[in-house]
Amino acid sequence: MDRVNLETFAGGALQEKFDDAMEKVLVNMTDPNTPWKNKRKIIVEVSFEQNEDRDDSSVNVSVVPKLAPVKPVSTRMSIGKDLVTGEVFAEEYGSQCRGQMTMDDYQSPPEQVLDGKTVDTETGEITGEPKVVDFRAAKQA
């Protein structure tokens, strides 16, 4: 029996399909959205179907990569019913409870300092005298 050269088998299709599967496996292995520990596989299947006279055979070649699944992404939803309208709702809320404010929701206006005094930028009011302590005049213990 002559040896089969897998690089040229099926007109080079086997090698081409294997190279494509290998690339998919390597991309999947380096994807941070897949579990690192899962094994990946490349399954090469060569099937033969002969005729009744046993003098001819149809050969099918398939190469199937078995990849790690992408990790699911999770979130949280608050589900309830609006007591006024009676409508059912679902709202995504992530890491905070429904209706809870975050620091991003409440931003105080920036303060400005003018001649050592704090100025409210919304009203223009001077809100305080400068709080400077003269340590030279302080008594030593």
Side-chain angles (χ1 to χ4, degrees), residues 1-138 140-141:
M1 180 183 104
D2 290 337
R3 290 185 174 257
V4 176
N5 183 342
L6 296 179
E7 289 182 6
T8 59
F9 190 72
L14 176 59
Q15 183 68 51
E16 186 178 316
K17 288 179 180 286
F18 182 84
D19 291 343
D20 184 52
M22 185 68 163
E23 183 177 348
K24 288 178 182 174
V25 166
L26 295 175
V27 167
N28 185 258
M29 290 176 74
T30 58
D31 185 349
N33 294 314
T34 61
W36 65 271
K37 200 168 186 173
N38 289 31
K39 291 181 181 179
R40 281 74 165 176
K41 297 179 184 180
I42 298 175
I43 300 169
V44 177
E45 182 178 78
V46 181
S47 61
F48 302 86
E49 185 179 346
Q50 65 186 7
N51 65 0
E52 188 176 346
D53 295 333
R54 299 177 187 227
D55 62 357
D56 189 45
S57 178
S58 173
V59 181
N60 291 312
V61 177
S62 67
V63 178
V64 180
K66 296 292 183 181
L67 308 175
V70 175
K71 295 181 204 173
V73 177
S74 63
T75 188
R76 304 287 305 197
M77 291 185 83
S78 173
I79 302 169
K81 189 174 192 176
D82 188 316
L83 298 176
V84 176
T85 64
E87 291 182 18
V88 177
F89 66 86
E91 293 178 354
E92 181 180 21
Y93 64 85
S95 63
Q96 68 188 43
C97 296
R98 183 173 181 261
Q100 183 180 25
M101 292 181 69
T102 65
M103 294 303 288
D104 293 334
D105 295 333
Y106 178 76
Q107 294 181 0
S108 59
E111 294 181 343
Q112 286 189 334
V113 178
L114 181 64
D115 293 331
K117 299 178 183 177
T118 305
V119 178
D120 185 337
T121 55
E122 286 186 5
T123 63
E125 177 183 4
I126 296 174
T127 58
E129 293 295 318
K131 296 184 180 180
V132 177
V133 177
D134 185 2
F135 287 106
R136 294 176 292 184
Q140 287 189 345

Visitor: Would you tabulate the side-chain donor-acceptor contacts of residues 52-69 under 3.5 Å, counting partners in other chains and residues two or more places apart, or write 'none'?
Guide:
from	atom 1	to	atom 2	distance (Å)
Asp55	OD1	Asn51	ND2	2.7

Visitor: Does anything in residues 20-39 pair up under salt bridge (charged side-chain N to carboxylate O under 4.0 Å, His left out), and if so which pairs, sequence neighbours excluded?
Guide: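 Every salt bridge (charged side-chain N to carboxylate O under 4.0 Å, His left out) pair that includes a residue of residues 20-39, provided the two are not neighbours, is Asp20-Lys24.
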Visitor: State the CZ-CE distance between Arg40 and Met22, to the nearest 0.5 angstrom.
Guide: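 With rounding to 0.5 Å, CZ (Arg40) is 12.5 Å from CE (Met22).
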Visitor: Taking atom CZ of Phe18 and atom CD of Glu7, what is their separation to the nearest 0.5 Å?
Guide: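 So the CZ of Phe18 and the CD of Glu7 are separated by 11.5 Å.
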Visitor: If you round to the nearest 0.5 Å, how far is CE of Met29 from CG of Leu26?
Guide: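 Rounded to the nearest 0.5 Å, the CG-CE separation comes out at 6.5 Å.
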Visitor: Hey, what do you get for CG (Asn33) to NZ (Lys71), rounding to the nearest 0.5 Å?
Guide: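 Going from the CG atom of Asn33 to the NZ atom of Lys71 covers 7.0 Å.
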Visitor: Quick one: NZ on Lys81 to CG on Leu83, what's the gap to the nearest 0.5 Å?
Guide: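 So the NZ of Lys81 and the CG of Leu83 are separated by 8.5 Å.
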Visitor: Which side-chain N or O atoms in residues 41-48 pair as donor and acceptor under 3.5 Å with protein atoms at least two apart or in another chain?
Guide:
none

Visitor: Take Ser78 and Glu91 through the side-chain hydrogen bond (donor to acceptor under 3.5 Å, both in side chains) test and state the conclusion after the steps.
Guide: CA-CA 5 Å; Ser78 173; Glu91 293 178 354; 5.9 Å; no
Visitor: Are there over 12 heavy-atom neighbours, none belonging to Glu16, within less than 6.0 Å of that residue's CD?
Guide: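 Not more than 12 within 6.0 Å, no.
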Visitor: Measuring from Thr34:OG1 to Asn28:CG, what's the distance to the nearest 0.5 Å?
Guide: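 Output value for this atom pair is 4.5 Å.
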